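Here the structure is a predicted model, which means the values were calculated and not measured. Atoms considered below: every heavy atom in the structure, side chains included; atoms not considered: hydrogens, waters and symmetry mates.
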Amino acid sequence: MSKNTRNELNKIVHTADRTTRKAFDVELKSFFQLHARYLAEKEAKNELDWSRIKSPTAEQIQRYSDLSDTVDPKALHKLAVLKVNGGLGTSMGMSGAKSALEVKDGLTFLDLIVQQVEHLNATHRANVPLILMTSFNTHEDTLRIIKKYASRQIRITTFSQSRYPRIWKETLQPCPRHAGDDKKLWYPPGHGDLYNSLVHSGVLGQLLASGKEYLFVSNSDNLGAAVDQKILQHMVDSNTEFLMEVTDKTKGDVKGGTLIDYDGTMRLLEIAQVPPEHGDDFKSVRKFKIFNTNNLWINLKALKKILDNEGMDLDIIVNPKVTDDGRPVIQLETAAGAAIKHFQNAHGINVPRSRFLPVKSCSDLLLIKSDIYSIQHGQLLMNEIRMFGTVPVVKLGDHFKKIHDFQSRFKSIPNIIDLDHLTVSGDVHFGRGITLRGTVIVVANEGQRIDIPDGCILENRLLSGNLNMIEL
């Protein structure tokens, strides 16, 4: 089967434009290695031995509060910031780069990221560059967007991660037949592709040549992932080659990847790797108390040494999909955090929840847009008058799933500074100047519509389809 795959990939390479063929060939060779490893593991039936999995020790997961407050700003001169910027936001009904979505005060994800890095450089007279790893889905969009930062005091570099062919589930052979085939037959192979793409794009070499030694990696939609000098200083002082920021699980995080001790080695365990019979064990907060935020700190010299020598065999994540015409396909992906097993003295840092503020849904977006947060130098800060250090639980129904529907159903974002829990289901519309406090549940039954009037204050209320207000 590997021989057939190699032949098919060679045919696809020869359909590419001559100017891009060499780079395309390198990409598909990397895919072939991943595919061959997948077949070998499938044949050998390699699975994690659940009995060998242990919770990490205190040395393997250090507490943020134990880090020294003494920092040397000079370490910033050796730092670069990389944002994973390949997502389209299709789950929120977007068609372009997700980072172009306005999230607060008319500012996009990218606007806030640029503000953060600019402020860091201006405050400490540093020269931290911003690097954006795009995908073939977002690259052109990103290049167009960053033109508006041309006059700003920040150096922005972009490179695109690999483009891999989906494979048919039945045959395990590539779906596309031609380099120019429909985008839907290709996929960006997860953020674990970061390491190969850093090398193939030449960006790793450029960073090392310019004196950079540390790379802070995070997702562009995580608005809590600003540069933290305490963590950078800890990396320098402890001579650590790789750090992963983790944070405590809540009920909403049970599917998040977690760090484990596997035969004395740190490993990242993703839910896709867990045997079905152990799914509930994986989700248990008793055994796995923390999860990966995908905020990673990497020693670039150590990374180059690993890639030049043994390379990286990151755990393969099999992501099943279905084509528009209903045919099952597979995407072979990897996670960037899985590289932790390759580095010396690698460990986790248990950080405050404030460093993990992703926007994966319109429910998340409501929180970010609300009075719960303010912006200072591109960073989100929780409102000081919020009585609790935690954010409210917000669950918006399917009528609010797409960004267009979300925007049309709120004339203005409600005041939720004293909100504990909000659930909205059905055809519900919010007027202007609404205040929500305590627990608020609004349920419009099938065929009904609820309009919450301007200026309304709802505190511990259940609104049902007939607009009866029930005190909770």
Side-chain angles (χ1 to χ4, degrees), residues 48 52-82 84 128 191-192 194-196 198-199 204 207-208 211-218 225 227-248 256-270 273 288-315 334-352 355-356:
L48 285 171
R52 289 154 66 187
I53 293 175
K54 296 178 183 176
S55 299
T57 64
E59 290 74 31
Q60 290 171 322
I61 306 285
Q62 298 186 18
R63 293 184 301 180
Y64 179 82
S65 56
D66 291 340
L67 301 186
S68 172
D69 290 322
T70 305
V71 299
D72 183 356
K74 289 179 182 175
L76 291 171
H77 294 293
K78 297 180 179 181
L79 179 70
V81 170
L82 185 145
V84 178
V128 177
H191 39 68
L194 162 71
Y195 308 108
N196 272 337
L198 271 173
V199 173
L204 179 59
L207 289 172
L208 288 168
K212 303 303 177 187
E213 294 183 27
Y214 307 102
L215 185 66
F216 174 47
V217 177
S218 60
V227 170
D228 188 301
Q229 288 182 260
K230 280 177 63 172
I231 299 177
L232 175 60
Q233 193 65 50
H234 170 73
M235 191 172 194
V236 174
D237 294 343
S238 61
N239 198 28
T240 301
E241 293 183 352
F242 189 101
L243 285 175
M244 177 189 290
E245 292 184 39
V246 297
T247 195
D248 293 340
T258 189
L259 280 179
I260 59 170
D261 181 313
Y262 195 77
D263 292 343
T265 303
M266 290 289 282
R267 297 272 291 268
L268 176 67
L269 179 63
E270 298 279 0
Q273 299 165 273
F288 303 114
K289 297 179 173 65
I290 49 91
F291 71 97
N292 170 28
T293 65
N294 216 42
N295 298 349
L296 309 173
W297 300 77
I298 302 163
N299 181 305
L300 291 173
K301 289 182 178 177
L303 174 61
K304 186 173 191 308
K305 184 178 177 183
I306 291 166
L307 294 173
D308 284 348
N309 295 325
E310 69 267 26
M312 280 189 189
D313 281 346
L314 303 184
D315 298 326
T334 55
I340 192 168
K341 64 183 179 183
H342 289 283
F343 289 87
Q344 298 296 314
N345 196 22
H347 56 272
I349 301 283
N350 194 338
V351 298
R355 290 194 56 74
F356 184 67

(request) Determine the sole option in Asn294, Ile298, Leu268, Asn295 for which the side chain to side chain contact (heavy atoms under 4.5 Å, CB included) test with Met244 is passed. (result) Leu268
(request) Could you check Leu215, Asn196, Leu300 and say which one makes a side chain to side chain contact (heavy atoms under 4.5 Å, CB included) with Leu204? (result) Leu300
(request) Indicate whether the side chain of Asp248 and that of Asn350 have a donor and an acceptor atom separated by less than 3.5 Å. (result) yes
(request) Could you list the residues that satisfy side-chain contact (heavy atoms from CB on, under 4.5 Å) with Gln62, not counting sequence neighbours? (result) His234, His347, Ile349
(message) Please check this pair: side chain of Gln229 against backbone of Val71, looking for a donor-acceptor N/O pair closer than 3.5 Å.
(response) no
(request) Apply salt bridge (charged side-chain N to carboxylate O under 4.0 Å, His left out) to Lys304 and list each qualifying residue two or more places apart in sequence or on a separate chain. (result) Asp308
(message) Taking Lys341 first and then Asp315, would you say they form a salt bridge - that is, a charged N and a carboxylate O separated by under 4.0 Å?
(response) yes
(message) Within this structure, what is the NZ-NZ distance for the pair Lys301 and Lys212, rounded to the nearest 0.5 Å?
(response) 13.0 Å
(message) Minimum heavy-atom separation for Gln233 and Ala75, please, with both atom names.
(response) OE1-CB, 4.4 Å
(request) For Tyr195 and Ala336, indicate whether the former's side chain and the latter's backbone hold a donor-acceptor pair under 3.5 Å. (result) yes
(message) Could you measure the distance from the CD1 atom of Ile61 to the OG1 atom of Thr258? Nearest 0.5 Å is fine.
(response) 7.5 Å
(request) Could you tell me whether Lys230 sits above the aromatic face of Tyr64, with NZ or CZ closer than 6.0 angstrom to the six-membered ring centre and within 45 degrees of the axis? (result) yes
